[in-house]
Number of protein chains: 2
Amino acid sequence: MEWAIHACVNLAWLPEGTAVPVARLAEFHELPSAYLNKHFQALARGGVVASRPGQRGGFQLARPADAIAVLDIVDAIEGREPAFRCTEIRQRGPMPASRRECQVPCQIATVMHGAEQAWRDELAAVSIATVADDVARSHPTVPDRIRVWFLAAR
Amino acid sequence: MEWAIHACVNLAWLPEGTAVPVARLAEFHELPSAYLNKHFQALARGGVVASRPGQRGGFQLARPADAIAVLDIVDAIEGREPAFRCTEIRQRGPMPASRRECQVPCQIATVMHGAEQAWRDELAAVSIATVADDVARSHPTVPDRIRVWFLAAR
């Protein structure tokens, strides 16, 4: 998760249309290529990155960085299953609520899912471009260093 | 987690000063007493419940239900460790940022922790009394049924 967001921020600094081979991304993050490839496939399915075949192939952002939310990356990597799973406790035990009583969602699930929605809203409101700009503001030399390193091996 | 919140809502409906034996709570939730006891000890350490010794002993809410937030229960059971752990990726790899550059927190960690704070804020804003009132409003017979069942075995 953590490296996936870092990787997307790095891709945002490359000139448009630059694809980076998985091996190069793996080298940067000191992770096995196969592991990285698996997760980049998930990012591709989530519409965050696109793969380009061929000699200059690899992965690039699928959309402009200001159209990719941090939430898109989190959803692509971790899936959209809620963290809180309601198992309908109220329908079990010695005094189960009837099915009719359970037509409204359980109040406890409602609270927990409301909190997750607040978490999602925060991550949906921040784009990769915003993160990249924030980094560049506090570390002005970083984008160029990243560009040089990722373009060096081409 | 789910049953712990349900259990605290149930305790909120009992007359003040009523302690419930772990065995009775376990029976209600169809969970092993030892498992329940372990988690109720955690709730006690978190200041959510208090244990009372003796023949009429057991667990009761440690404070009025309107002074216990859903977040208090979540923190007591799951701990306060953030879900997102920043491993300072920026200080690793082929182009590590210097320690001086890392005096400001990583922007990615800032975004992720901001979202977790939004989640915490939501859960901090809802008390067990509010959940209990919401349940009672949509299921008016529930509090009495719960009271009768928990007091029956005394």
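Here is how names work: the chains are called A, B, and so on, in the same order as the sequence lines, proteins then strands, and each is numbered from 1. No hydrogens, no waters, no symmetry mates; every other heavy atom, side chains included, goes into these values.
Between Glu101(A) and Arg145(B), at least one side-chain N (NZ, or NE/NH1/NH2) sits under 4.0 Å from a carboxylate O, which counts as a salt bridge.
Between chain B and the residues Leu71(A), Val135(A), Thr130(A), Val126(A), the most heavy-atom pairs under 4.5 angstrom are made by Val135(A). Counting heavy-atom pairs closer than 4.5 Å to chain B, the top-ranked of the candidates Ala115(A), Ala125(A), Cys86(A), Ala132(A) is Ala115(A). Highest contact tally toward chain B, considering only Pro94(A), Gly93(A), Ala83(A), is held by Pro94(A) [criterion: heavy-atom pairs under 4.5 Å]. Ranked by heavy-atom pairs shorter than 4.5 Å toward chain B, the options Val74(A), Val104(A), Ile108(A), Asp121(A) are led by Ile108(A).
For the atom pair OG (Ser98(A)) and NE2 (His139(B)), the distance works out to 8.5 Å, reported to the nearest 0.5 Å. Phe28(B) CZ to Arg92(A) CZ: the interatomic distance, rounded to the nearest 0.5 Å, is 10.5 Å.
Proximity to chain B involves both the backbone and the side chain of Val111(A), based on heavy atoms less than 4.5 angstrom apart. Only the backbone of Glu27(A) has a heavy atom closer than 4.5 Å to any heavy atom of chain B. Contact annotation for Glu88(A): only backbone heavy atoms (N, CA, C, O) come within less than 4.5 Å of a heavy atom of chain B. Heavy atoms closer than 4.5 Å to chain A are found in both the backbone and the side chain of His6(B). Interface remark: Glu116(B) contributes backbone and side-chain atoms alike to the contact with chain A (heavy atom separation under 4.5 Å). Residue Arg90(A) touches chain B through both its backbone and its side chain, counting heavy-atom pairs closer than 4.5 Å.
Under the side chain to side chain contact (heavy atoms under 4.5 Å, CB included) test applied with Gln107(A), the options Asp133(B), Val131(B), Ile5(B) reduce to a single match, Val131(B).
Put simply, the side chain of Met112(B) reaches to within 4.5 Å of the side chain of Leu123(A), judged on heavy atoms.
Glu2(A) contributes a side-chain N or O that, together with a main-chain N or O of Thr87(B), makes up a donor-acceptor pair within less than 3.5 Å.
Looking at every heavy atom in both residues, Met95(B) comes nearest to Trp149(A) through SD-CB, 3.9 Å.
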